Number of protein chains: 2
Amino acid sequence: MQDILFDFIAKYISLTEEEKNAIISLDIFRSVKKGTILLTAGQKSKDSYFVLKGCIRTYYIVDGEEKTTAFYTEMEALTPPCVISKTPSEYYVSCIEDSILTISNTDMGVEVNSKFPKFDIMCRILSEELLAKQQIDFDKFKTSSPEQRYLNLLQNRPDLIQRVPQHQLASYLGIKPQSLSRLRARIFEKKR
Amino acid sequence: MQDILFDFIAKYISLTEEEKNAIISLDIFRSVKKGTILLTAGQKSKDSYFVLKGCIRTYYIVDGEEKTTAFYTEMEALTPPCVISKTPSEYYVSCIEDSILTISNTDMGVEVNSKFPKFDIMCRILSEELLAKQQIDFDKFKTSSPEQRYLNLLQNRPDLIQRVPQHQLASYLGIKPQSLSRLRARIFEKKR
DNA sequence: TGCATTTCTTAACTTAAGTGAACGAATTAT
DNA sequence: ATAATTCGTTCACTTAAGTTAAGAAATGCA
């Protein structure tokens, strides 16, 4: 299971056995039950998450309504904005499948980084890469209609449509569950 | 004018006179006329931009139609995704007011960074900060209606509404110019 | 300055998303 | 296992955005 993490890291830097052991000894691997809330709005946190198996989601509660903004699945990492800005979190992070995650806090990061400067380099590359990816996703979202967004998702992350509840998907696409149902029916009509 | 850049940098690291001079000697300050296209879709580039004065915008051309995705004004920095990913640009960057920018390429960055490691630190902080900001903006966009987005803009960046053409604003809000006109009229009606 | 082009607004009509309600299906709790 | 809740879909109706077209205003250019 840990190999998933090391495969991920290997895309950015190469690790010695010693370094791998240092990571394992940090004891950051966690098994988390479906439904667990990892972070609550208003809470302060220094934790970052990396998904080895399963799925976590981020959502806001606006006027008593959940607004899902992202899903993170295998090989994806989340550092909530509140960790960077050191302010209370604006959103919730919950686990929507039984999952295996690494949960690591900033302090540990600093400690490891001072021992292994390589890590600093990886973090830098990672956050630049994520920034670029995020920008492109944002642009794509802005320039698409809900229907196009759904079709894109079908292309790029078909697994999400299977594993995520429809009402969360709807909110992720920026529409209501009823509209998603309708939209799906519409697409299905067109196809035949 | 250069002081704007140094004020910006001062928020992250402190510079000696020597370091300031090193930056000035890079000769990265550019005066750019309104309408100038700084980056074209399909083009490769290593240039990053920092706005000292004026405004630049990023846009895609989809089915012959401009889709504006961002505006950068005083004290804002843009590193296009194509610079990070080293692939041809997917979008255009154009200058929508007579502006003063710094235009610096990655190679220069590497050179300066090796001389002044401080810069590396700043870049790291900057890209983490930007990532967090970007995430929050994206979430806000996703969870808002066009009307709410316009009202948000009115709150947070009232200057943009004044200085940017309406049809570019509309596209930035994810709607057509006609819808923006209507939406504005609607809001105006409500107010009185 | 005057002409041409682009931009902004308004209007009528079309299309798609929001809303409220209903109902069966699926999931969760007891 | 059964009751209770949550979830997904459908429907009728409302509201807002897309579309097409036209005219007025602003801008750029010669």
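In what follows, every heavy atom counts, from backbone to side chain, and hydrogens, waters and symmetry copies are set aside. Quick caveat: nothing in here was measured; it's all calculated off a predicted structure.
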L26(A) and T102(A): CA distance, side-chain angles, deciding distance, side-chain contact (heavy atoms from CB on, under 4.5 Å) verdict: CA-CA 10 Å; L26(A) 287 172; T102(A) 74; over 6 Å; no
Comparing Q178(A) and P146(A) on DNA chain C - which has the more 5′ nearest nucleotide: P146(A)
N/O (side chain, S179(B)) to phosphate O (OP1/OP2, dG18(D)) under 4.0 Å: yes
Given dT10(D), dT9(C), dT7(C), the nucleotide with the shortest approach to the side chain of H167(B): dT7(C)
salt_bridge(R57(A), E97(A)) N-O dist < 4.0 Å: no
is_close_aromatic(Y49(B), Y72(B)), centroid dist under 6.0 Å: no
Under 4.0 angstrom between K176(A) side-chain N/O and dG20(C) OP1 or OP2: no
E147(A) CD - dT14(C) P separation (whole Å): 20 Å
Sugar-phosphate, base or nothing in reach of R184(A), heavy atoms under 4.0 Å: sugar-phosphate
Nearest-nucleotide pick for I175(B), side chain only, options being dG8(D), dT10(C), dA17(D): dA17(D)
Test log, rule side-chain contact (heavy atoms from CB on, under 4.5 Å), inputs F6(A) and K20(A): CA-CA 8 Å; F6(A) 293 132; K20(A) 287 187 184 180; 3.8 Å; yes
Per Q166(A) side chain, nearest of listed nucleotides dA17(C), dT9(D), dC8(C): dT9(D)
Salt bridge flag under 4.0 Å for residues D120(B) and R124(B): no
Proximity to the side chain of R182(B) - top-ranked nucleotide from dT19(C), dG8(D), dT19(D): dT19(D)
d(CZ, R186(B); P, dA16(D)) in whole Å: 5 Å
Between dA17(C) (C1') and R149(A) (CZ): distance, integer Å: 11 Å
Spacing between K34(B) atom NZ and dC29(D) atom C1', to the nearest angstrom: 14 Å
Nearest-Å distance for atom pair CG/P, residues L180(A) and dG8(D): 9 Å
Touch class at under 4.0 angstrom, heavy-atom based, for G174(A) against every strand present: sugar-phosphate
Protein-nucleotide distance (L183(A), atom CG; dG18(C), atom P), rounded to Å: 10 Å
Rounded interatomic separation in angstrom, taking CG from L169(B) and P from dT9(C): 11 Å
Spacing between E97(B) atom CD and dT27(D) atom C1', to the nearest angstrom: 16 Å
